[in-house]
2 protein chains.
Amino acid sequence: MADVARRAGVSSQTVSRVSNGHPGVVDRTREQVLAAMRELGYRPNSAARALRSGRFRTIGVILFSLSTTGNVRTLDAIATSAAAEGYAITVIPVEAPTQDGVNGAFTRMGELAVDAVILLMEVHLLDAASISLPTDVPVVVADSDAGDRYPVVDTDQAAGSRTAVEHLLGLGHRTVVHLAGPSESFSAQRREDAWRRTLHEAGRDVPPVYRGDWSAASGYAAGQEIARTDATAVFAANDQMALGLLRALAEAGRKVPQDVSVVGFDDLPDAVAYLPPLTTVHQDFAEVGRRCVAGVLRQMADRTIPHGRTLVPTRLVERASTAAP
Amino acid sequence: MADVARRAGVSSQTVSRVSNGHPGVVDRTREQVLAAMRELGYRPNSAARALRSGRFRTIGVILFSLSTTGNVRTLDAIATSAAAEGYAITVIPVEAPTQDGVNGAFTRMGELAVDAVILLMEVHLLDAASISLPTDVPVVVADSDAGDRYPVVDTDQAAGSRTAVEHLLGLGHRTVVHLAGPSESFSAQRREDAWRRTLHEAGRDVPPVYRGDWSAASGYAAGQEIARTDATAVFAANDQMALGLLRALAEAGRKVPQDVSVVGFDDLPDAVAYLPPLTTVHQDFAEVGRRCVAGVLRQMADRTIPHGRTLVPTRLVERASTAAP
DNA sequence: TTAGTCCATGTTTACGTAAACATCCGTCCT
DNA sequence: AGGACGGATGTTTACGTAAACATGGACTAA
């Protein structure tokens, strides 16, 4: 910076002003400084800048793994929204949902150069870890439950599940079997609860729950059992398990949708190419990401911590995997 | 830090030594400092640390989107490897493969707090942008072609494709149709070249190429055309297109694998649940990620720029989508 | 005993920037 | 004409840390 200043014949402070787009620099001077910057290949030192300003212009995203589609798509949206606001994203993966894993991530996080944190994971693991986030950093929790400790942004799991179940009941099915996600997952829990409540309110039998781990393989395993029952309608807690379910039903000779109707959750891009194309609940991951970023930025601006939950609506995408019984 | 020093009754330099695990601090003193840190909730300021040491302990990953499975899985592996080495990952998404998009990302990158960069994108777009990376930052390019300007880590696309084609020929198919990826993609190009070469060397006809954009929907569209031909074996350039292809073949009444054999590329977790389970070329994304990280770390240590290409081997995973004609 | 060594710890300094304050000069008003 | 004002730019300083160098005391060996 001093070199640039010398070359442009100004003070380093003027260089700083140009560099940050501050007003009060006359055009001619600005041009000289910019020219000097170009000639010297000057690039501001972000460490010094951060040290001085106390801002890193970076948001940390903590997540368990990039192997679940939902997380990834939310992360994508977060990264895009953040970039639009001039913020970079630091990804902090937690290897395993163990105490050690979470501890490690948070220890690292403590030393991390981030102005805010978005948590893409189940917060009860946070509790278990008996470590809480640095209190001076804005936090938004996505796709989880944070009680009232942090603001939460989430897909409206309950409404989505209700839509799915009501769609199947509306087609004339007596009841709907649920292929649930892992019981540790709040999303899975909420989808299951809403399924149960919807059936209950409609005065239908609530059949036993089948449970998978979100993977297609687990959906296949559960599907083999379901195929042996007289179920005519299945609501799978995500599309990947629905894919495995479709395979199990096909192998068992149960036709979809003639014999069994299937509804998924997520609306993966691939779902349109399943056999048959999957009727599913569309999640607006992009909107979730946008609201997460908006949430932390608002906290940074206000220095206030808004609590409460923001729900992003879903919509049912009807394809070819559902029909009247 | 000064507060911690005062509280522990030592100098700030001793605090620094404890904080960084330097030797030459006696146990008793170390304990006192650690206790003071705990009591005061001290967390080192990474900006100051980076300013002083010149290291951010952060690696930047530039990519086009998180919507392609390969990128995401590589990113996951990179993040994990980097975390194991005490490095954080900053994701720098480039919105669109346009000149502006790339320029923007690189401008931002220039000001970014990263010690090294891993590029997860086609480098010819880099050329088009007529902007090159800051020369003082180690770079590794993955899944692309960088000529000899940067070291490259990539899946062994050619060997993988050859395995797939030879597997099909070995089953007795006269020739193999290729459902290729988009022509802008180097990966797609290399898979296509290897397919063509393998057929050629075996003295077989080289049928016209069908082309998709990696998506299941595009695979479905191409599949509808392929279903009208007398093709008995198809090598799809990725699993998602293979999924669409399977749907198109099923709808056209062509049985897989009895009438048509299909091989994919990637080995997505879901591929095991396709109808039928997909025979595919397994890519070791984790290894690609590890080698990318190892590559930039080595550059940082040596201050040398190793050129050349590192190829990660693939293996064929035989499932139920291939059979003798 | 005394000089030499080595280890634990303290002191000083610089990293590159931006905020706060200071200065200078031209303009405008009375 | 003289002073007040405001805009453009310069000067000083502090951000929190770690490297380099300094110090002091304990131990060893002759």
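On a predicted model such as this, the values are computed, not experimentally measured, just so you know. Convention: sequence-line order gives letters A, B, ...; per-chain numbering from 1.
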In whole angstrom, give the distance that lies between atom [atom1] of [X] and atom [atom2] of [N].
X	N	atom1	atom2	result
A:Y42	C:dA18	OH	P	6 Å
A:F56	C:dA18	CZ	P	14 Å
A:M1	C:dA19	CE	C1'	11 Å
B:R52	D:dA14	CZ	P	18 Å
A:R57	C:dT17	CZ	P	17 Å
A:R6	D:dG10	CZ	C1'	15 Å
A:R17	C:dA18	CZ	C1'	10 Å
A:E31	D:dT9	CD	P	13 Å

Measuring only between side-chain heavy atoms, which start at C-beta, is A:V140 closer than 4.5 Å to A:Q299? yes
Indicate yes or no: does A:D3 engage A:R6 in a salt bridge with an N to O separation below 4.0 Å. yes
Are A:R290 and A:E287 ion-paired here, with the side-chain N under 4.0 Å from a carboxylate O?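 Salt bridge: yes.
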Distance, nearest 0.5 Å, that separates CG of B:L66 from OG1 of A:T80: 7.5 Å
Out of [options], which has the shortest distance to the side chain of [X]?
X	options	answer
A:Q13	D:dA14, D:dT11, D:dA8	D:dT11
A:N20	D:dA8, C:dT11, C:dA18	C:dA18
B:L51	D:dT11, C:dA18, D:dG16	D:dG16
B:N45	D:dT9, C:dT17, D:dG16	D:dG16

B:Q283 and side chain to side chain donor-acceptor pair (under 3.5 Å): which single residue from B:T69, B:D266, B:T74 fits?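 Per the side chain to side chain donor-acceptor pair (under 3.5 Å) rule, the option paired with B:Q283 is B:D266, out of B:T69, B:D266, B:T74.
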Applying a 4.0 Å non-hydrogen cut-off, can you work out what [X] is touching in the nucleic acid: base, sugar-phosphate, or nothing?
X	answer
B:V25	sugar-phosphate
A:T14	sugar-phosphate
A:T29	sugar-phosphate
B:S12	nothing

Any side-chain N or O of A:R49 less than 4.0 Å from the OP1 or OP2 oxygen of C:dA18? yes
Please compare B:R30 and A:V15 by the position of their nearest nucleotide in DNA chain C and report the one closer to 5'.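 This one resolves to B:R30.
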